[in-house]
Amino acid sequence: MRRSKRKTSGLQAAAVTAVCILFVVTALLGLYKCFSKEPTPRTEPLPGGPPLEDTSLEPGAAAYPKAGGRERKERFHTILLGGLDDENGGSDTNLLVAVDAKSGQINVVSLPRDTLLDVTWQVKKLNNAYHHGGFTQTMSEVETLLGIPVDHYVTVDLQAFVELVDEIDGVDFDIPLTMDYDDPYQDLHIHFDPGPRHLTGEEALQVVRWRQNNDGTGYATADIGRIGTQQAFLKAVAKQTLQISNWDKIRTFAEIFQERVETDLELSNLIWLGEQALTAGSDKIAFHTLPGDGAGWYKGGSYYVLDPAATLEMVNTYFNPYKSDLTADDMHILVP
């Protein structure tokens, strides 16, 4: 498959990452359930990242350390999902997942690629963090930005997307609008009418890659519109994937996972996460986007500028792993 070198690669990567997690860990559960093991929150700071002020453990609660001076909630885990574009050498789109096993809720927030960071780099965008220190740097910047620890990571390449969608015999999806785009230099041709359609892996990849038509028309809100399509697609995938009928494809899912995915989680942890997804069901997997202005500007450059108050509220409501609320001082949001 020939991969795009345009900005559209970011949307592909985000879909690949989340889809891969939903497919693989759920499938593995059916075969390896007896080896399920809940992950342990990270207790050491990332290299170059914000310090975890107190990493001591409470007696009898080794899995839930205090961090950043606050006591953590029990059975609450944060995972950063990143899609890698091998040709561009970066992680253009990232998703932060919060798994609250106690309530049975899973929340996923899209982190816009152009999110403004308070860094010394000339191009102060989140997707640029990868070029300054790999995915560890991306994790560190997300922690600094939102004031919460990122416990674990998962990254995946684009080919997994096509293979996994094909393995569940395609996905039913309601295409939101006319897609009419050609790029002969990349042999990229995207042509769909709006409405319900059963998509193969290649067709699904085209839908999530699409940004605008040949005549310049497209999403009214640019990248935020694409994120909306991405999230709708992931909901459709979750609904179809979280079915017992897909358990007979465990071996193939596992092979794709081993070849395409990198993570600091153990197999037993992934099985446990799959169990949480299966138990929650698609109705309890919610998708969000960091609130902000996609038409923001900073020192002559175009950025996605976060709304500090709305971001704080969203993080405290869905993604805060601590028992006490964060304050604006815990975050590091640059406001032009």
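FYI, side chains are in, hydrogens and waters are out, and symmetry mates aren't considered; it's all heavy atoms of this structure.
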Rounded distance [0.5 Å steps], [atom1] in [X] versus [atom2] in [Y]:
| X | Y | atom1 | atom2 | result |
| --- | --- | --- | --- | --- |
| Tyr181 | Asn214 | OH | CG | 7.5 Å |
| Ile175 | Phe233 | CD1 | CZ | 10.0 Å |
| Ile148 | Arg70 | CD1 | CZ | 11.5 Å |
| Glu141 | His132 | CD | NE2 | 9.5 Å |
| Asn107 | Met314 | CG | CE | 9.0 Å |
| Asp325 | Thr317 | CG | OG1 | 8.0 Å |

Check: [X]/[Y] side-chain N/O donor and acceptor closer than 3.5 Å:
| X | Y | value |
| --- | --- | --- |
| His191 | Asp182 | yes |
| Thr217 | Asp215 | yes |
| His332 | Asp118 | yes |
| Gln206 | Glu202 | no |

**OP:** Report the residue from Val108, Val315, Leu290, Leu146 that forms a side chain to side chain contact (heavy atoms under 4.5 Å, CB included) with Leu96.
**Re:** Leu146
**OP:** Scan Val335, Leu145, Val305 and name whichever one has a side chain to side chain contact (heavy atoms under 4.5 Å, CB included) with Leu116.
**Re:** Val305
Are [X] and [Y] side-chain neighbours, meaning at least one heavy-atom pair lies under 4.5 Å?
| X | Y | value |
| --- | --- | --- |
| Phe287 | Leu95 | no |
| Thr289 | Pro112 | yes |
| Lys73 | Lys102 | no |
| Leu177 | Trp210 | yes |

Between [X] and [Y] (side chain of the first, backbone of the second, donor and acceptor by atom type, cut-off under 3.5 Å), is there such a pair?
| X | Y | result |
| --- | --- | --- |
| Asp330 | Thr327 | yes |
| His152 | Thr40 | yes |
| Thr78 | Asp151 | yes |
| Asp264 | Tyr153 | yes |
| Trp297 | Lys299 | no |
| Asn320 | Ser324 | yes |
| Asp114 | Lys125 | no |
| Ser140 | Thr136 | no |
| Glu143 | Pro149 | no |

Original post:
Should the pair Tyr298 and Tyr303 be assigned to parallel (<30°), tilted (30 to 60°) or perpendicular (>60°) ring geometry?
Top reply: perpendicular
Subject >> Cluster check Leu306, Trp121: I/L/V/M/F/W/Y, side chain < 4.5 angstrom >> reply: yes
Original post:
Side-chain heavy atoms under 4.5 angstrom apart, residues restricted to Ile, Leu, Val, Met, Phe, Trp, Tyr: same cluster for Leu312 and Leu334?
Top reply: no
**OP:** Would you sort out whether Val142 and Leu126 count as a side chain to side chain contact (heavy atoms under 4.5 Å, CB included), showing the intermediate values?
**Re:** CA-CA 8 Å; Val142 171; Leu126 178 60; 4.2 Å; yes
Original post:
What ring pair (Phe, Tyr, Trp, His ring centres under 6.0 Å) pairs are there with at least one residue in residues 95-115, not counting sequence neighbours?
Top reply: none
**OP:** Give the intermediate values and the outcome of side chain to side chain contact (heavy atoms under 4.5 Å, CB included) for residues Val154 and Ile79.
**Re:** CA-CA 7 Å; Val154 178; Ile79 304 164; 4.1 Å; yes
**OP:** Under the side chain to side chain contact (heavy atoms under 4.5 Å, CB included) rule, what do Gln276 and His77 come out as? Steps first, then yes or no, please.
**Re:** CA-CA 11 Å; Gln276 305 313 302; His77 307 274; over 6 Å; no
**OP:** List the steps, then state whether side chain to side chain contact (heavy atoms under 4.5 Å, CB included) holds for Phe173 with Thr229.
**Re:** CA-CA 10 Å; Phe173 185 64; Thr229 295; 4.1 Å; yes
